[in-house]
2 protein chains.
Amino acid sequence: MATDRRINKSKQALKDALILRMETSDFKKITITEIVQHANLNRGTFYKHYDTKEALLEELIDDVMCDLIESYRAPYLHSDALVIKELTASKIKIFEHVYSYSKFYRAIVSSNAVPGIQHKISDVFKQLSRDDMEILGTTSNVDRDFVSSYYAHALLGLILEWINSGFKYTPAYMAEQLIAIVTFPGADVKLKQG
Amino acid sequence: MATDRRINKSKQALKDALILRMETSDFKKITITEIVQHANLNRGTFYKHYDTKEALLEELIDDVMCDLIESYRAPYLHSDALVIKELTASKIKIFEHVYSYSKFYRAIVSSNAVPGIQHKISDVFKQLSRDDMEILGTTSNVDRDFVSSYYAHALLGLILEWINSGFKYTPAYMAEQLIAIVTFPGADVKLKQG
DNA sequence: TCAAATCTATTGATTTATCAACATTTCTAC
DNA sequence: GTAGAAATGTTGATAAATCAATAGATTTGA
């Protein structure tokens, strides 16, 4: 049996309320009273699940990171290997993910509530990138950590730029941009040579 | 103390789920199982509040009608009399109301689940219109029932046309249209004379 | 037509959320 | 600095929602 419905609902309501408040207010200034008011829950319910608002935020971040990983892996869920050339924009779900959590990302990235959040996101990307290479079975002598870190931060950069633009482009457009950058013939090599 | 939060939340979830299902499915074919699944509630919770899905629909309609009445009265909540000339488009909240319940109206009007729903809506308008006349203290010899019925059905007609258009105009535009029609100088008289 | 699947309606033990009250602690304004 | 207000953290009795298991009624498709 999964966790009780009421628990999930209550926790989700608290997380939604936290995101809502973080849109306009600094995390440090948000009170638990505020959160439960917006979540339409009794204060006792908060304390039944969390000790502090920091614990709530931590779990919220975990949730988003899990969904992020799921979205990243979505294109090749039913295939053994990821073939870059066959990767179409429609298959890239990661921008859809960011867009669906746009309020969260906008708040969390601009906030100083979680100092290492960008590092955390890029770490997730890095690990995902490494997993890709395991699947592909790269045999070259290039250090995998360099490659994964390179692509992880590149993707993060693209997303940060998108966030800072106020999400004025569609997820589909962002996916097209990513494809265009990655598949631009010999771009990497030329840069390395020059 | 007001009603328990959980009751309101559960009832609202059931109503939302019903509207959601009515968008694509015929009311008669909707099962209680479907409703509770979409509402993310246990079946027992449904039966704690309602006997049948008809009872749920009935209460949903009541809710919407209450909000409708509130919206209609919003423009002159803090004034003793309604002065047509001062009735600006922005003050007319009724189209905002319909728009906010657009899914409900679209489903309920096109559905045959509630045969008398249009009649019910026009009755609400009629009563509201009558209340207006009480406030205005009309002394003419025109039968109030005629006048109120006239305006009630006129407004309903406007809204039905809007619904059938698939809500392709904004509430503000609809309000402007209503103002334009009502304030068109001598329109009524000329029609009656012709 | 008949069997399988689905839906309905109800049940009781259990878990969860609620409310309101409380004593502390922390802000805030004067 | 201090009084008043607001937030915190905890509590226990109560009410609501949950789950899972029923048995019976309907629907469905082969």
Side-chain angles (χ1 to χ4, degrees), chain A residues 1-63 66 107-108 111-114, chain B residues 1-63 66 107-108 111-114:
Chain A
M1 185 177 74
T3 40
D4 195 291
R5 275 185 162 125
R6 290 167 290 188
I7 294 175
N8 288 331
K9 288 177 192 176
S10 296
K11 285 187 164 189
Q12 196 53 53
L14 289 168
K15 287 166 192 170
D16 289 345
L18 178 58
I19 292 177
L20 197 72
R21 291 304 301 124
M22 284 182 74
E23 278 186 76
T24 50
S25 186
D26 187 22
F27 180 75
K28 271 175 282 188
K29 298 199 170 181
I30 297 168
T31 67
I32 292 170
T33 301
E34 265 184 314
I35 294 170
V36 296
Q37 278 170 352
H38 279 87
N40 195 25
L41 290 168
N42 189 275
R43 202 140 44 80
T45 307
F46 178 93
Y47 289 108
K48 199 159 279 178
H49 299 299
Y50 307 100
D51 289 337
T52 62
K53 59 178 176 175
E54 284 77 15
L56 173 63
L57 178 60
E58 198 177 333
E59 195 172 287
L60 169 59
I61 292 169
D62 283 349
D63 287 356
C66 283
I108 208 81
S111 158
N112 56 348
V114 190
Chain B
M1 183 178 72
T3 38
D4 196 301
R5 275 183 164 127
R6 291 168 290 186
I7 294 175
N8 289 331
K9 289 177 192 176
S10 296
K11 285 187 165 189
Q12 195 53 52
L14 289 168
K15 287 165 191 168
D16 289 345
L18 178 59
I19 292 175
L20 197 71
R21 291 305 301 124
M22 284 181 74
E23 280 185 75
T24 50
S25 187
D26 187 23
F27 179 74
K28 271 175 280 186
K29 296 202 173 181
I30 297 168
T31 67
I32 292 169
T33 301
E34 267 185 314
I35 295 170
V36 295
Q37 277 171 353
H38 278 87
N40 196 22
L41 289 169
N42 188 275
R43 166 184 294 287
T45 306
F46 178 93
Y47 289 107
K48 199 160 280 177
H49 300 299
Y50 307 100
D51 289 337
T52 61
K53 60 179 177 176
E54 284 76 14
L56 172 63
L57 178 60
E58 198 179 333
E59 194 172 288
L60 168 59
I61 291 169
D62 283 348
D63 287 355
C66 283
I108 208 80
S111 159
N112 55 349
V114 190

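The sequence lines fix the lettering, A, B, ..., with proteins before strands; numbering per chain opens at 1.
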Per-nucleotide protein contact along nucleotides 4-15 of chain D, 5' to 3', at a 4.0 Å heavy-atom cut-off (B base, S sugar-phosphate only, - neither), is ---SBBB----B
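Between the two ends of the helix from dT1(C)-dA30(D) to dC30(C)-dG1(D), each summarised by a five-pair axis, the helix axis turns through 60° (rounded to 10 degrees).
For Leu41(B) and dC19(D), the CG to P distance is 10 Å, given to the nearest whole Å. Taking atom CZ of residue Arg5(A) and atom C1' of nucleotide dT15(C), one finds them 14 Å apart after rounding to whole Å. Atom CD of Gln12(A) and atom P of dA17(C) are 14 Å apart (whole Å). One can place CG of Asn40(B) at 13 Å from C1' of dC19(D), the figure rounded to the nearest angstrom.
Here Lys9(B) lies in heavy-atom contact (under 4.0 Å) with sugar-phosphate atoms only. Heavy atoms of Lys11(A) sit nowhere under 4.0 angstrom from any nucleic acid atom.
Contact annotation: the side chain of Lys11(B) approaches that of Tyr50(B) to within less than 4.5 Å [non-hydrogen atoms, C-beta and beyond]. Side chains of Leu57(B) and Ile61(B) form a contact here, defined as non-hydrogen atoms less than 4.5 Å apart. Met22(A) is not listed as a side-chain neighbour of Ile19(A), based on a closest heavy-atom distance of 4.5 Å or more. Between Lys53(B) and Leu18(B) the shortest side-chain heavy-atom distance does not fall below 4.5 Å. Counting only heavy atoms from C-beta outward, the side chains of Thr45(A) and Val36(A) never approach each other to under 4.5 Å. Looking at Phe46(B) and Leu56(B), their side chains come closer than 4.5 Å, going by heavy atoms from C-beta outward.
Within the structure, every side-chain polar atom (N or O) of His49(A) is placed at least 4.0 Å from both OP1 and OP2 of dT16(C). Side-chain N/O atoms of Thr45(B) include none lying less than 4.0 angstrom from OP1 or OP2 on dA16(D).
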Audit row: Phe27(A), Arg21(A), side-chain contact (heavy atoms from CB on, under 4.5 Å) steps and yes/no: CA-CA 8 Å; Phe27(A) 180 75; Arg21(A) 291 304 301 124; over 6 Å; no
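Here Lys9(B) contributes atom NZ and Arg6(B) contributes atom CZ; the two are 9.0 Å apart, rounded to the nearest 0.5 Å.
A pairwise comparison of heavy atoms in Ala17(B) and Ala39(B) identifies CB-N, 3.7 Å as the closest pair.
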